[in-house]
Amino acid sequence: VCRMLKQGGRAFLSVASIETPLGWERFAKQSHFSVGGFYFMGKQNLATMLDRAGLRAVAWSSPSTETENVYFNRDVLVLVEAPV
């Protein structure tokens with residue numbers, strides 16, 4: 001992602017989270033890993049990968065009881081920015 005962005009460019013990423021209740025529920029339903037399936041990770045893993053790639057996290061999502069949006073409640077959503 002970092003190589004695709006211009007200096008200061010931003011990207012929106014969504015990763016299935018093993019740390020959220022709906023993310024764990026979806027993970028537990030998987031009988032085995034498949035390339036076409038979900039790949040789960042935690043927020044700290046993602047933060048480490050972004051840092052090592054040279055990207056800065058501008059904003060992170062948090063699960064919310066105020067919405068039924070599955071992406072907010074299952075995934076880690078992050079807005080990242082390339083260095084200037």
Side-chain angles (χ1 to χ4, degrees):
V1 172
C2 193
R3 290 184 300 213
M4 295 181 346
L5 293 174
K6 294 180 181 179
Q7 289 183 338
R10 291 183 172 187
F12 174 77
L13 305 175
S14 175
V15 178
S17 174
I18 200 164
E19 297 171 341
T20 61
L22 285 182
W24 179 259
E25 184 180 303
R26 179 66 176 89
F27 173 77
K29 287 181 183 178
Q30 283 190 164
S31 60
H32 65 281
F33 173 78
S34 73
V35 175
F38 283 77
Y39 185 84
F40 295 86
M41 63 174 39
K43 183 177 176 179
Q44 188 58 50
N45 298 88
L46 183 56
T48 299
M49 293 172 80
L50 294 173
D51 183 58
R52 291 186 180 182
L55 295 167
R56 181 178 73 92
V58 176
W60 293 92
S61 68
S62 297
S64 173
T65 57
E66 297 177 17
T67 182
E68 293 182 17
N69 186 307
V70 70
Y71 300 104
F72 276 114
N73 292 309
R74 182 195 65 203
D75 297 355
V76 174
L77 310 175
V78 60
L79 179 64
V80 299
E81 184 176 74
V84 179

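The chain is numbered in sequence order, starting from 1.
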Please confirm whether the backbone N or O of P21 pairs with a side-chain atom of N73, one donor and one acceptor, at under 3.5 Å? no

Run the salt bridge (charged side-chain N to carboxylate O under 4.0 Å, His left out) test against K6 and tell me which residues pass, sequence neighbours left out. none

Could you work out, with ring-ring contact (aromatic ring centres under 6.0 Å, His included) as the rule, every residue matching F27, not counting sequence neighbours? W24, F40

Check whether V80 and Y39 end up in the same hydrophobic cluster, where Ile, Leu, Val, Met, Phe, Trp and Tyr are linked by side-chain heavy atoms less than 4.5 Å apart. yes

Would you mind listing every salt bridge (charged side-chain N to carboxylate O under 4.0 Å, His left out) that reaches into residues 22-33, with sequence neighbours excluded? E25-K29

Do any pairs count as a side-chain hydrogen bond (donor to acceptor under 3.5 Å, both in side chains) and have a residue in residues 11-22, sequence neighbours left out, and if so which ones? S14-D75

Here the side-chain hydrogen bond (donor to acceptor under 3.5 Å, both in side chains) pairs for residues 40-54, sequence neighbours left out, are none

Output the rest of the hydrophobic cluster of L79: all Ile, Leu, Val, Met, Phe, Trp and Tyr residues reachable through side-chain heavy-atom contacts under 4.5 Å, sorted by chain and number. V58

If a pair satisfies side-chain hydrogen bond (donor to acceptor under 3.5 Å, both in side chains) and one of its residues is in residues 53-62, list it, with sequence neighbours excluded. R56-E81

Establish whether L22 and I18 are linked, either directly or via other cluster members, by ILVMFWY side-chain heavy-atom contacts under 4.5 Å. no

If every non-hydrogen atom of G54 is compared with every non-hydrogen atom of P83, which pair is closest and at what distance? O-CD, 3.1 Å

Distance from F72 atom CZ to L77 atom CG, nearest 0.5 Å? 6.0 Å

